[in-house]
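Quick notes on the structure that follows.
When a residue number appears, it is its place in the shown sequence, counting from 1. We use all heavy atoms of the structure for the numbers below, so side chains are in, but hydrogens, waters and symmetry mates are not. If you're wondering where the values come from, they're calculated on a predicted model, not measured in any experiment.
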Amino acid sequence: MNRIILALDTTDLEKSINTTKKIKDKIFTVKLGLEFFNAHGKEGVKKFNEIGLTNLMLDLKLKDIPQTVHRSILALSDINFGYLTIHGQGGKKMIEQAKKAASEIKSKPKILMVTILTALNDEDLKAMGNNTSVTEQVEKLAKIAKDMNVGVVCSGQEAKTVRKIIGPDLLIFTPGIRMHNDNKDDQRRVCTPMESIKNGSDKIIMGRSLIKGNIEENIDKVSNSIE
């Protein structure tokens, strides 16, 4: 099964749909983030459902009190999607309510727990008053994911550690993927597609590296590199 998730972090709905139509058979699915969702909401998601994508990754990174998260997920009952992100720092009760709500809507999406954003590094955590490293924080959150039986979103740099903690069955989705010559942009902890897969990632999330230039050729190149 294809391992590539195309990140469509944009407000351009028409372009997103047209791009997806061209390459949907070459990828696992599409990731729709806050930028897209704030612009187009559930109606935008339905446009992807209409072209046959029902396993979408809805990257909303929910983090709030447990009941608010529960009700927020119930409000997504009329769209089809396969994966939903929440922040692990929301705690076990919030994760429990997210799982409960996910089981109560028609899509029954898998909950993926975001560890530490790939745009952050050790210095950023120190600036926020946290004296532990990114790796240590990710390890703690991976243990929570294991306890709560949910998948993990983490950098490829920590995927090997996370895999050891959560075991072989829970999912690891990895953002911050860059080819060797790519600009890191706003990412701090990046990995190549092959490094991430070798470290235990199930799926790699890529946007800019694929969209620039010929997207079909870029997807083929990445797919061939990780086969």
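- Looking only at side-chain heavy atoms (C-beta outward), Val138 and Thr161 stay at 4.5 Å or farther from each other.
- Here the closest heavy-atom approach between residue Ala159 and residue Ile172 is recorded as O-CD1, 3.8 Å.
- With hydrogens and angles ignored, the 3.5 Å screen pairs no side-chain donor or acceptor of Lys26 with any backbone N or O of Ser223.
- Going from atom CG of Asn2 over to atom CD1 of Ile27 covers 7.5 Å, rounded to the nearest 0.5 Å.
- A cation-pi contact, defined as under 6.0 Å to the ring centre and within 45° of the axis, is absent between Lys203 and Phe173.
- Residue Glu14 holds its CD atom at 10.0 Å from OG1 of Thr19, rounded to the nearest 0.5 Å.
- What you find for Ile111 and Ala98 is that their closest heavy atoms are CD1-O, 3.9 Å.
- With Thr132 contributing its side chain and Gln137 its backbone, the two residues share no donor-acceptor pair below 3.5 Å.
- Annotation: ring pair (Phe, Tyr, Trp, His ring centres under 6.0 Å) contacts of Phe48 (sequence neighbours excluded): Phe36.
- Atom CD1 of Ile73 sits about 6.5 Å away from atom CD1 of Ile86, to the nearest 0.5 Å.
- For the atom pair His87 NE2 and Leu62 CG, the distance stands at 9.0 Å (nearest 0.5 Å).
- Remark: the Thr192 side chain and the Glu195 side chain contain an N/O donor-acceptor pair separated by less than 3.5 Å.
- For the pair Asp9 and Lys31, the salt-bridge criterion is met [side-chain N within less than 4.0 Å of a carboxylate O].
- The main-chain N or O of Asp64 is never found under 3.5 Å from a side-chain atom of Thr68 such that the two would form a donor-acceptor pair.
- Distance alone, capped at 3.5 Å, places no donor-acceptor pair between the Asn55 side chain and the Gly82 backbone.
- The shortest non-hydrogen separation linking Gly156 to Asn199 is O-ND2, 2.9 Å.
- Minimum interatomic distance between Ile23 and Glu216 (heavy atoms only, all atoms of both residues): CG2-CG, 3.4 Å.
- Here the OG1 atom belonging to Thr10 is positioned 5.5 Å from the CD atom belonging to Glu35, to the nearest 0.5 angstrom.
- You'll find the side chain of Phe28 stays beyond 4.5 Å of the side chain of Met57, heavy atoms only.
- Residue pairs meeting the salt bridge (Lys or Arg N to Asp or Glu O under 4.0 Å) criterion with at least one partner in residues 134-148, sequence neighbours excluded, are Lys92-Asp147.
- To the nearest 0.5 angstrom, Met113 atom CE is 9.0 Å from Ile166 atom CD1.
- Applying salt bridge (charged side-chain N to carboxylate O under 4.0 Å, His left out) to Asp202 and the options Arg3, Arg163, Lys110 leaves one that passes, Arg163.
- Asn80 contributes no side-chain N or O that, together with a main-chain N or O of Thr54, makes up a donor-acceptor pair within less than 3.5 Å.
- In this structure, the side chains of Met206 and Pro193 come closer than 4.5 Å at one or more pairs of heavy atoms.
- Each of Leu56, Ile17, Leu13, Thr20 was checked for a side-chain contact (heavy atoms from CB on, under 4.5 Å) with Leu8, and the lone residue meeting it is Thr20.
- At a cut-off of 3.5 Å, with distance as the only test, a side-chain donor of Ser201 or Thr174 sits close to an acceptor on the other residue.
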> Yes or no on side chain to side chain contact (heavy atoms under 4.5 Å, CB included) for Ile4 and Ile219, after CA distance, side-chain angles and deciding distance?
Replying inline: CA-CA 8 Å; Ile4 298 172; Ile219 289 173; 4.0 Å; yes
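- Taking the side chain as every heavy atom from C-beta outward, Asn149 and Leu170 approach each other to under 4.5 Å.
- Residues Ile65 and Ile144 fall into different hydrophobic clusters, defined by Ile, Leu, Val, Met, Phe, Trp and Tyr side chains chained together at heavy-atom separations under 4.5 Å.
- A donor-acceptor pair under 3.5 Å links the side-chain atoms of Asn218 to the main chain of Lys212, judged by distance alone.
- A salt bridge is absent between Glu96 and Lys93: the closest approach of a Lys/Arg side-chain nitrogen to an acidic carboxylate oxygen does not fall below 4.0 angstrom.
- Here the side chains of Ile95 and Val150 are in contact, with some heavy-atom distance below 4.5 Å.
- Side-chain atoms of Ser196 do not come within 3.5 Å of backbone N or O of Ile204 as any donor-acceptor pair.
- Looking at heavy atoms from C-beta onward, Leu32 lies out of side-chain contact with Phe37 at the 4.5 angstrom threshold.
- Contact check for Val152 versus Leu112: no side-chain heavy atoms found under the 4.5 Å cut-off.
- Ala7 approaches Ile205 most closely through the heavy-atom pair CB-CG2, 3.9 Å.
- Using a distance-only test at 3.5 Å, with no hydrogens or angles considered, a donor-acceptor pair links the side chain of Ser155 to the main chain of Gln157.
- Hydrophobic clustering places Leu74 together with Leu76 (ILVMFWY residues linked when any side-chain heavy atoms are closer than 4.5 Å, directly or through intermediates).
- Side-chain N or O atoms of Asn49 include one that pairs as donor or acceptor with a backbone N or O of Leu53 at under 3.5 Å.
- Using a distance-only test at 3.5 Å, with no hydrogens or angles considered, no donor-acceptor pair links the side chain of His40 to the main chain of Val45.
- Side-chain contact check for Val222 versus Leu210: some heavy-atom pair is nearer than 4.5 Å.
- Scanning both residues, Ile105 and Ser77, for their nearest heavy atoms gives CG2-CB, 3.7 Å.
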